[in-house]
Amino acid sequence: MKSYRKELWFDIKTRRAFINITPQVNECLQASGVTEGLALVNAMHITASVFINDDESGLHHDYEVWLEKLAPHEPVRQYRHNGYEDNADAHLKRQVMGREVVVAITGGQLDFGPWEQIFYGEFDGGRRKRVLVKIIGE
Ligand code: ZN
């Protein structure tokens, strides 16, 4: 069995953003040499997400509005977590959007359904953060 590991680094200047990381995951897949197996992609931080959905700007705006309704950033004092930090909302948003995705690898390709793309969701930007890509298979 082949095994491949890589960390993708991000330095998002804004507090929140959605980044399509499918090209980077595809590069990892090509480098791994795996043609049949599984790719795990997970955020290595508890205020960021990795998820799969459509690369459509209207939807990304809708996520932003929906998440801000569920867990508004302001006022920061509404959250008990914000004793020394101001990122309680980011922890909650990350929980909703998820930690990781697993994608099947078939015939050397990410075996997506229609329109599926992999995204990094940043909810507390302004510092360097990582995503782990782990690929196993034949
Ligand atoms: Zn925190």
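Nothing here was measured: the structure is a model prediction, and the numbers come from that model. We count ligands from 1, going down the list as the structure has it; atoms in each ligand are counted the same way.
With no hydrogens or angles considered, a side-chain donor-acceptor pair links Tyr63 and Asn53 at under 3.5 Å.
In this structure, CG on Asn42 lies 11.0 Å from OG on Ser49, to the nearest 0.5 angstrom.
Residues Tyr120 and Phe51 keep their aromatic ring centres 6.0 Å or farther apart. Ring centroids of Phe119 and His60 are separated by less than 6.0 Å, placing the two rings close together.
Of all the heavy atoms in Asn20 and Ile118, the pair that sits closest is OD1-O, 3.2 Å.
Every residue meeting the side chain to side chain donor-acceptor pair (under 3.5 Å) condition with His73, not counting sequence neighbours, appears here in chain and number order: Asp89.
Protein N/O/S atoms found under 2.8 Å from the Zn ion (ligand 1), listed by chain and residue number: His81 NE2, Glu85 OE1, Asn87 OD1, His91 NE2.
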